[in-house]
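Keep in mind it's a predicted model, so treat the numbers as computed, not measured.
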Amino acid sequence: MPESTPLHLAVALDGAGWHPAAWREPAAEPAALFTAGYWTDLVREAERGLLDFVTIEDSLAMQSTHRDRPDDRTDQVRGRLDAVLVAARVAPVTRHVGLVPSVVVPHTEPFHTSKAIASLDYVSGGRAGVRLSAAAWPHETRHFGRREFAGGDQSARFVETADYVEVMRRLWDSWEDDAEIRDVATGRFVDTEKLHYIDFEGEWFNVKGPSITPRSPQGQPLVAVLAHVAGPIRLAARSADIVFVTPHDEQQVSALHDQVRTEQAGADRADEPLHMFGDLVVFLDADAKTAAARLARLDERAGEQYRSDARIFAGTPSQLADLLLEWQRLGLAGFRLRPGALPHDLHAITQALVPELHRRIAFREHYAADTLRGLLGMSRPANRYTEAGRHG
């Protein structure tokens, strides 16, 4: 990838920050975590930093120090707001930054998600996406009582999620762009011949369609997937527009890049855009020793060393810029940074890292597109049913 290619930059917002002790920092706002103003302030700050998009974390179970079961800790943030509703609340008070809430697949229906994300695309004027999670742990399942999953095997969930995406995409296309006539003189609001049954039949879903929501401003809101291993990488290659990967060094960047592109070619999508974003948890300060000391202090408060699936970076914005540009040269289109503590590390990204990237002519200096697709250099896709009619 040429050095002169501007990189893309996003942030992943989660509670008071990704470190479990972040809520105890002097600048934290634990009393505001469940207010609209808290999330509005964070996303507006991301927009002031000209970031491509924000993701908003979500799950169907309480946060836990264990991946597959709850814990009984009371010294860490517990509880969430619904990510899609947070994004819908923030959308009218922002203008450019993309909004990508998380949705957990196994206990939700693709019809509901397609409608919610299409609505978010309307509310935001074309800035919506969705990050799909295939997690299905027993403690989540018990909240619903409708489905059981065998053991801890998650592999089938990625196949199900691929069908989930296909259903959503067909529903997003089930209204042609000009299906709404809105002709007061003739009394015709909609042309029903331009609404289409999607007739999806599969192992997990049988969906007739059409959607009840007209085709949204982007046509197809963006779909993102976090991928660590073969199953989710295959899902991303087949179904996603953005894949978040978690390399820890240059060798892993190259290996993941090759793996994703091989799977993408195997899915006959080699000519379609699939942006690879590298995830990093970041603790940023003007001095590297200060950043390391802050992380150590947070670890001490938490009573254990913080660990993550993604690389943990503690240093200066300049040092982080060096790392990002090196990994970009190895094939990543951009990065999703997880602020270790909010708002400190978000401010460090927008007010120190971004200016550093500007000095290196490596990041935009203004927004040049009105939609999330436009920011990422993706065109608005044609409607599959309109195209089928033309070539049928």
Side-chain angles (χ1 to χ4, degrees), residues 9-46 48-49 51 54-59 61-67 70-83 86-87 90 100-102 131 226 244 246 278-317 319-320 335-354:
L9 207 57
V11 289
L13 301 178
D14 187 18
W18 284 77
H19 195 290
W23 70 278
R24 299 171 66 182
E25 285 288 271
E29 301 179 69
L33 290 179
F34 304 109
T35 67
Y38 176 79
W39 294 95
T40 298
D41 288 346
L42 293 178
V43 178
R44 279 177 166 170
E45 181 62 28
R48 279 190 287 270
L51 304 190
V54 301
T55 63
I56 303 170
E57 294 301 299
D58 207 347
S59 68
M62 204 77 78
Q63 299 96 320
S64 174
T65 52
H66 309 297
R67 185 183 180 198
D71 63 17
D72 56 1
R73 297 188 69 152
T74 60
D75 62 334
Q76 298 178 2
V77 171
R78 295 293 182 265
R80 296 182 184 277
L81 299 180
D82 183 275
V86 169
V90 170
V100 184
S102 298
R131 184 185 81 81
L226 173 64
F244 304 124
T246 55
D279 272 22
L280 298 98
V281 184
V282 297
F283 299 84
L284 297 174
D285 286 285
D287 179 80
K289 290 182 179 179
T290 303
R294 182 161 60 91
L295 174 55
R297 184 180 71 247
L298 286 164
D299 286 349
E300 184 177 2
R301 283 181 174 171
E304 59 188 358
Q305 182 181 2
Y306 174 63
R307 301 182 185 279
S308 173
D309 57 320
R311 175 166 171 170
I312 301 169
F313 178 92
T316 69
Q319 290 170 335
L320 181 56
F335 298 88
R336 185 176 70 144
L337 304 180
R338 308 177 188 179
L342 292 168
H344 178 103
D345 291 303
L346 176 59
H347 290 165
I349 291 167
T350 59
Q351 298 172 23
L353 174 64
V354 167

Calculate, to the nearest 0.5 Å, the distance between atoms [atom1] and [atom2] belonging to [X] and [Y] respectively.
X	Y	atom1	atom2	answer
L337	T55	CG	OG1	10.5 Å
T316	L284	OG1	CG	8.0 Å
L280	R336	CG	CZ	10.5 Å
F34	W39	CZ	CH2	9.0 Å
I312	W18	CD1	CH2	11.5 Å
T246	R311	OG1	CZ	12.5 Å

Of all residues at least two apart in sequence or in a different chain, which pass the side chain to side chain donor-acceptor pair (under 3.5 Å) check with [X]?
X	result
R24	none
R78	D71, Q76
S102	R131

Could you check if a side-chain atom of [X] sits within less than 4.5 angstrom of a side-chain atom of [Y], using non-hydrogen atoms only?
X	Y	answer
F283	L298	yes
V90	L42	no
E29	T35	no
P339	I349	yes
D58	V86	no

Once side-chain contact (heavy atoms from CB on, under 4.5 Å) is applied, do any residues pair with [X], and if so which ones, sequence neighbours excluded?
X	value
D285	T290, A291, R294, H344
L33	A16, Y38, V77
A46	V11, L51, V54
A27	P343

More than 12 heavy atoms of other groups within 6.0 Å of Q351 CD: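 Check passes, neighbour count above 12.
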Of all residues at least two apart in sequence or in a different chain, which pass the ring pair (Phe, Tyr, Trp, His ring centres under 6.0 Å) check with Y306?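 H19.
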Nearest heavy-atom pair of [X] and [Y]: which atoms, and what distance?
X	Y	value
A22	G340	CB-O, 3.5 Å
S59	A61	OG-O, 2.7 Å
P317	A352	CG-CB, 3.5 Å

Which residues pass the salt bridge (charged side-chain N to carboxylate O under 4.0 Å, His left out) test with D14, sequence neighbours left out?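 Counting only residues at least two positions away or on another chain, D14 forms a salt bridge (charged side-chain N to carboxylate O under 4.0 Å, His left out) with R80.
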Could you list the residues that satisfy salt bridge (charged side-chain N to carboxylate O under 4.0 Å, His left out) with D75, not counting sequence neighbours? R73
Not counting sequence neighbours, list each pair that qualifies as a salt bridge (charged side-chain N to carboxylate O under 4.0 Å, His left out) and has a residue in residues 36-46.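 Pairs touching residues 36-46 that pass the test: E45-R48.
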Just by modelled atom types, is the G79 backbone N or O under 3.5 Å from a matching donor or acceptor in the Q63 side chain?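 A pair under 3.5 Å: yes.
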